*Asks:* 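Here it is, the structure, as structure tokens.
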Number of protein chains: 2
Amino acid sequence: MSFAISAIPARTRNQASRGRAASARDQAAPLSSHDLATLRQAPLLSALSPDAFDRLAASFYLIDVPREAPIFNQGDPSDTLHIILSGRVALSGSTPDRRACILEVFGPREGLLDPSALVGAPHPISARAIEPSRLACLPYADLRAVIEAENGVCRGAVAQLVQHWRLFLRRLEDQKLRSAPQRLASYLVECAEAIGTPPRSPAAPIRFVLAEDRRTLASHLGMTPENLSRVIGQLRSCGVQLNGRAVAISDLAALRQFGCAASGH
Amino acid sequence: MSFAISAIPARTRNQASRGRAASARDQAAPLSSHDLATLRQAPLLSALSPDAFDRLAASFYLIDVPREAPIFNQGDPSDTLHIILSGRVALSGSTPDRRACILEVFGPREGLLDPSALVGAPHPISARAIEPSRLACLPYADLRAVIEAENGVCRGAVAQLVQHWRLFLRRLEDQKLRSAPQRLASYLVECAEAIGTPPRSPAAPIRFVLAEDRRTLASHLGMTPENLSRVIGQLRSCGVQLNGRAVAISDLAALRQFGCAASGH
DNA sequence: GGGGAATATTGACTTGGATCAAACCCTGGA
DNA sequence: TCCAGGGTTTGATCCAAGTCAATATTCCCC
């Protein structure tokens, strides 16, 4: 399978990184009035009062990136908010085994608001320009300070949406670049970790009970109940027992490895 | 294909609807202190000051729903926010041809914060309890009033996240219950509508230029470049011409129908 | 405890889409 | 003009997962 983005040719990649490095340092520039007007229309900032907007806008700086330039990579600390003024940026996820897929493509006025950044976690995804783009940048520290000063419902809504965002991201990646057995494996690992109670002795299997019936679980994991049955059979050889809703996992590490769930979200 | 949730047996469904109707009307009740404590921990409300929380909490009411009860259905106006106090609720999406899949399952303290509700759109998805559940409910009107009074960055972040949420939702549905040709078709329809300029005469084809190269588009749509090529060939018989990045669509309605994109988001 | 319905498993078959490989463009440089 | 090298298309083949159909199981209600 794997409709992967195959490796970017070395020359392009070098160009790109050089382009990026140059941008961040040398091309950093204050925003023109035209750019400011575009920025004002970004959904992220459009609710702000003129005063608050001006205060925040002063902290933005500008970078231009060439085609194929990486904006950030999976695993990087998320220190900067980017809002696209022109061009287009693709967000992609990848599994530890180097296969990647594009999750979404964003255009002007959309923010690469990686929600994980709002809670201080590293980027769970990568972003790269798919055409020459101009980005307005803001250190997340500035943004977070503003956010933490707010105590309304919206802040809660953001927290909630960030959680959902990460879940959906995860499911989309699962669906696009993992096989059915891998999806089941990583789901079981997820459940086991959510339970949080390690077995009494290290050698004893982890046991818990599924919240969902078979049909629901199958649909949740994006497969038919028939196929789920077969997949359960396959995982038995990895030390997973699944009878009814009762689960027993004898080697969690092996299962995690099998599900390629190591990418950190 | 279609790892669909097959039709719920009639008896169960009746039970369920009766249960629901009964809940909303008769079982509506103020929250106990235990329920209030749970509610307080919901991410959506945890940032609120004690005062603001109390004000909002007073508007919440309680419903208990049995297993399999629908909470809301795709297309319903979104008038009520639900926060799960106990139990579990599955969110599912469906295409017009009645096939459905579960997108995510949520548990206690998580809000069924359908982001579309925040902007007043009808539910793009359905929710049903997969085990007996207790929900705290709040009319969205109350919530929206509070939100509109806030003018900070968080409100913008919510707006932004809602957009992303809907995109991801859409992609996940695409991936789970549409075929490759359908995904391409509905993507093209999406592009055509985003352009917004109808052709001069009704009979003339709609023309535009793709933003992405073939490889990027293929990954975005969750298929290999090879398969994308073949799929483009298939769509030619639906009146779609695609040369390089140039697109010409002669029958948008037919294409939309083919892509099953009619579900309203 | 004994039907009976719903659910879960198993098996045979089909198919969508991935993979591998070859042929066919384009586009840019000598 | 020709050639080289990337990207796109086409073809042949394979495999994961869906479909259909037949059992086996579980669970529930009488």
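Excluded from the calculations below are hydrogen atoms, water molecules and symmetry mates; all remaining heavy atoms, backbone and side chain alike, are included. As the structure is a prediction and not an experimental result, all values here were calculated from the model. Chain letters run A, B, ... following the sequence lines, proteins first and then strands; every chain starts at 1.
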*Asks:* Is Glu131(A) paired with Arg88(A) through a side-chain N to carboxylate O contact shorter than 4.0 Å?
*Replies:*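 Yes, this pair counts.
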*Asks:* Round to the nearest Å and state the distance from Asn227(B) atom CG to dT15(C) atom P.
*Replies:*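 Those two atoms, CG and P, are 16 Å apart.
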*Asks:* Whether Glu193(B) and Arg256(B) form a salt bridge (side-chain N of Lys/Arg under 4.0 Å from carboxylate O of Asp/Glu) is what I want to check.
*Replies:*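 Answer for the salt bridge query: yes.
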*Asks:* Check every atom of dT8(D), dT7(C), dA21(C) against the side chain of Arg215(B) and return the nucleotide holding the closest atom.
*Replies:*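 Among the listed nucleotides, the one closest to the side chain of Arg215(B) is dT8(D).
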*Asks:* Rounded to whole angstrom units, what separation is found between the CG atom of Leu177(A) and the C1' atom of dA16(D)?
*Replies:*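 Distance, rounded to whole Å: 16 Å.
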*Asks:* Starting at atom CD1 of Ile232(B), determine the distance to atom P of dT8(D), rounded to an integer number of angstrom.
*Replies:*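 Distance, rounded to whole Å: 10 Å.
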*Asks:* Rounding to an integer number of Å, can you tell me how far Asn243(A) CG sits from dC27(D) P?
*Replies:*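 So the two atoms are 11 Å apart, to the nearest Å.
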*Asks:* Does Glu104(A) have any side-chain contact (heavy atoms from CB on, under 4.5 Å) partners at least two apart in sequence or in another chain, and if so, which?
*Replies:*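 Scan of Glu104(A) (side-chain contact (heavy atoms from CB on, under 4.5 Å), adjacent residues dropped) gives Phe106(A), Leu167(B), Phe168(B), Arg171(B), His220(B).
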*Asks:* Heavy atoms from C-beta onward define the side chain here; which of dA8(C), dT8(D), dA18(C) lies closest to that of Asp213(B)?
*Replies:*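 The answer is dT8(D).
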*Asks:* With the side chain of Ser179(A) defined as its heavy atoms from C-beta on, choose the nearest nucleotide among dT8(D), dC20(C), dA17(D).
*Replies:*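 Taking heavy atoms from C-beta onward, the closest nucleotide is dA17(D).
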*Asks:* List the steps and the verdict of side chain to side chain donor-acceptor pair (under 3.5 Å) for Asp213(B) and Thr216(B).
*Replies:* CA-CA 5 Å; Asp213(B) 63 41; Thr216(B) 304; 2.9 Å; yes
*Asks:* Inspect the contact between Arg183(B) and Asp174(B) and indicate whether a charged nitrogen and a carboxylate oxygen are less than 4.0 angstrom apart.
*Replies:*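 Between Arg183(B) and Asp174(B) there is no salt bridge, as every charged N stays at least 4.0 Å from the carboxylate O atoms.
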*Asks:* Just the rounded figure in Å: distance from C1' of dG16(C) to CG of Leu184(B).
*Replies:*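 My rounded result for the distance is 15 Å.
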*Asks:* Under 4.0 Å between a side-chain N/O of Ser229(B) and OP1 or OP2 of dT8(D), yes or no?
*Replies:*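 Negative; the distance criterion is not met.
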*Asks:* Nearest-Å distance, CG (Leu210(A)) to P (dA8(C))?
*Replies:*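 Taking atom P of dA8(C) as the reference, CG of Leu210(A) is at 11 Å.
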*Asks:* Taking atom C1' of dC27(D) as reference, at what distance in whole Å does atom CZ of Arg214(A) sit?
*Replies:*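 Whole-Å distance recorded here is 15 Å.
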*Asks:* Please determine whether a side-chain nitrogen or oxygen atom of Arg230(B) lies at a distance below 4.0 Å from atom OP1 or OP2 of dT9(D).
*Replies:*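 No.
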*Asks:* Nearest whole angstrom, please: distance from the P of dG17(C) to the CE of Met223(B).
*Replies:*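 Going from CE in Met223(B) over to P in dG17(C) covers 8 Å.
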*Asks:* Looking at Thr224(A), does any N or O in its side chain come under 4.0 Å of the phosphate oxygens OP1/OP2 on dA17(D)?
*Replies:*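 For dA17(D), neither OP1 nor OP2 has a side-chain N or O of Thr224(A) closer than 4.0 Å.
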